[in-house]
Amino acid sequence: MSTTPARPATAATSARHTTDSTPGPADPPRRWALRTRSRAGKQHARKHHQGPRNLTAAALFLLPALALIVILRLVPVIQAVTDATHSSLPGSALAPQWVGLDNFTALWHSETFWTSVQQTLLFNVIVNPLQVAIALGLAVLLTQNLPASGLWRTLIFLPAAVPMTGSAVVWGIALRPDGPANALLGSVGIDPQPFLTSPHQVVASLVLIASWIGVGYWMIFLIAGLNDIPQVYYEAAKVDGAGPLRRFWSITLPQLKRPLLFVLVADTVSNFVLFAPMQILTNGGPEQKSNFLMYDIFHNSFELADPHTAAAELLVLLGLMIVIVAVQFRLLGEAED
């Protein structure tokens, strides 16, 4: 009986063995380990080479936003600090002189400044919770599958789409002594009200105007937050017998903490820098009851030609907003935890 001699390994056979990813009879473990280590080294070098390229691309994409932040945020703050620590005579051609904290000391002893702070805080204590509460109530109502809910959302949001100056002019006409508001009150037997010309009613009138403008805007954010709450939570609560109020307190509010925090903080900042209604309708009066900090800054800078006092007052307003917003974050953050 003849036997077939063993066929010698050819080049193709050796190549097939060398391309395997696992060690075999023709591929010793040491050679396979070296080849695997070489491939890993090449992949690492390729990733290391791509790292700087990715960072460069990310920096180029971020550069426009960072430039805008520096130009529109940091540079004005630095300029305000510089102006607040210098002083000059109105209309003087001489360079401003370094005065340190003298402008802040003058504000501390200014009765007008403290009236502005008091009226600003009073306005915000009233308007911020009121706007958020009304916006939340409307958002909850308009997510209940009511007829024509889309139309109602549009109508409520519409004042936010109108420029604030236009809304201020319209409300100025409506609240005149012979305007539509007093005509409506007269039709039900109520005497005409002074509204914007009364030191006792001007803050309430400005709260009405600010809420007319802001409620619809903040409502949209809260509607988006409500739509993100899984409906299975409400269905489970109904099965357990929870009523509407129980579902609102136990499901809606806890799940809406983050949108509520955003709306409250943004609304606070927006109302602290509210300016157009006072400039158009009241000029800080009557009896300085609408002389809020933002209007007083404008008054000092452009009407009294004293940008240094205005800059000091601006920094006080900025610090006041930061403190209040930090307290809001702390309280709502603890509630969320």
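Throughout, residue positions are numbered sequentially from 1 according to the sequence presented.
Proximity of a side-chain donor or acceptor of Arg247 to a complementary backbone N or O of Lys238 within less than 3.5 Å is not detected. Side-chain atoms of Thr120 come within 3.5 Å of backbone N or O of Leu293 as a donor-acceptor pair. The closest donor-acceptor contact from the side chain of Ser211 to the backbone of Val207 lies under 3.5 Å. Checking side-chain atoms of Ser205 against main-chain N and O of Gln201 turns up a donor-acceptor pair under 3.5 Å. Of the possible polar contacts, one joining the Thr154 side chain to the Gly150 backbone as a donor-acceptor pair under 3.5 Å is found. In this structure, Ser290 contributes its side chain and Gly285 its backbone to a donor-acceptor pair below 3.5 Å. Judged by distance alone, the side chain of Thr143 and the main-chain N or O of Ala139 form a donor-acceptor pair under 3.5 Å. Without hydrogens or angle criteria, Thr85 side chain to Thr82 main chain gives a donor-acceptor distance under 3.5 Å. At distances below 3.5 Å, not a single donor-acceptor pair connects side-chain atoms of Ser301 with backbone N or O atoms of Pro307. Remark: side-chain polar atoms of Gln193 are paired, donor with acceptor, to backbone N or O of Asp191 under 3.5 angstrom.
Here Leu142 contributes atom CG and Leu222 contributes atom CG; the two are 11.5 Å apart, rounded to the nearest 0.5 Å. With values rounded to the nearest 0.5 angstrom, Leu317 atom CG is found 5.0 Å from Ile297 atom CD1. Considering CG of Leu175 and CD1 of Ile209, their distance stands at 5.5 Å, rounded to 0.5 Å. Considering OG1 of Thr197 and CZ of Arg176, their distance stands at 12.0 Å, rounded to 0.5 Å. Here CG of Leu264 is found 4.0 Å from CD of Gln328. Values are rounded to the nearest 0.5 Å. Note that CG of Leu138 and CD1 of Ile223 are 8.0 Å apart. Values are rounded to the nearest 0.5 Å.
Counting heavy atoms from C-beta on, the side chains of Phe272 and Leu121 come closer than 4.5 Å. In this structure, the side chains of Pro159 and Ile213 stay at 4.5 Å or more apart for every pair of heavy atoms. Contact annotation: the side chain of Leu94 never approaches that of Leu89 to less than 4.5 Å [non-hydrogen atoms, C-beta and beyond]. Using a 4.5 Å heavy-atom threshold, the side chains of Met164 and Pro277 count as touching. Residues Leu253 and Leu260 form a side-chain contact, since some pair of their non-hydrogen atoms from C-beta on lies under 4.5 Å apart. The shortest distance between side-chain heavy atoms of Leu136 and Trp218 does not fall below 4.5 Å. Arg246 places none of its side-chain heavy atoms less than 4.5 Å from the side chain of Ile251. Contact of the Pro199 side chain with the Pro286 side chain is registered, since non-hydrogen atoms from C-beta on lie closer than 4.5 Å.
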Check against side chain to side chain contact (heavy atoms under 4.5 Å, CB included), Leu206 and Phe123
CA-CA 8 Å; Leu206 291 172; Phe123 174 76; 4.0 Å; yes
Side chain to side chain contact (heavy atoms under 4.5 Å, CB included), that's the test. Do Ser88 and His308 meet it? Break it down for me.
CA-CA 8 Å; Ser88 63; His308 306 288; 3.0 Å; yes
Chi angles and distances behind the side chain to side chain contact (heavy atoms under 4.5 Å, CB included) call for Phe113, Thr309
CA-CA 10 Å; Phe113 168 73; Thr309 300; over 6 Å; no
Is there a side chain to side chain contact (heavy atoms under 4.5 Å, CB included) between Thr112 and Gln288? Walk through the geometry before answering.
CA-CA 8 Å; Thr112 301; Gln288 297 185 347; 4.0 Å; yes
Take Asn283 and Gln279 through the side-chain hydrogen bond (donor to acceptor under 3.5 Å, both in side chains) test and state the conclusion after the steps.
CA-CA 5 Å; Asn283 288 323; Gln279 199 270 336; 5.1 Å; no
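Scanning both residues, Leu314 and Ala80, for their nearest heavy atoms gives CD2-CB, 4.3 Å. For the pair Asn103 and Ala312, the tightest heavy-atom approach, listed with the atom from each and the gap, is CB-CB, 4.0 Å. Scanning both residues, Gly225 and Pro259, for their nearest heavy atoms gives CA-CG, 4.0 Å. Contact detail for Leu107 and Glu313: the closest heavy-atom pair is CD1-N, 3.6 Å. Nearest heavy atoms, Ile71 versus Pro76: O-CD, 3.2 Å. Closest of all the heavy-atom pairs between Met278 and Leu274 is CE-O, 2.8 Å.
Considering Val269, Val263, Asn271, Ile324 as possible partners of Asn128, the one that fulfils the side chain to side chain contact (heavy atoms under 4.5 Å, CB included) test is Asn271.
Ring geometry for Tyr295 against His299 counts as parallel: the plane angle stays under 30°, on a 0 to 90° scale with 60° as the upper cut. Ring pair Tyr217/Phe157 is parallel by interplanar angle, where below 30° counts as parallel and above 60° as perpendicular.
Applying the 6.0 Å contact sphere to CZ of Phe248 captures more than 12 heavy atoms from other residues, nucleotides or ligands. Atom CG of Leu101 is surrounded by 12 or fewer heavy atoms from other residues, nucleotides or ligands within 6.0 Å. By the neighbour-count criterion of 12 heavy atoms within 6.0 Å, atom CD of Glu303 is densely surrounded, having more than that number from other residues, nucleotides or ligands. Residue-environment remark: OH (Tyr233) stays at or below the threshold of 12 foreign heavy atoms within 6.0 Å.
With sequence neighbours left out, the side chain to side chain contact (heavy atoms under 4.5 Å, CB included) criterion links Gln119 to Thr115, Leu122, Val203, Lys289, Phe292.
Linking ILVMFWY residues whenever their side-chain heavy atoms come closer than 4.5 Å, directly or via other members, leaves Leu66 and Ile78 in distinct clusters.
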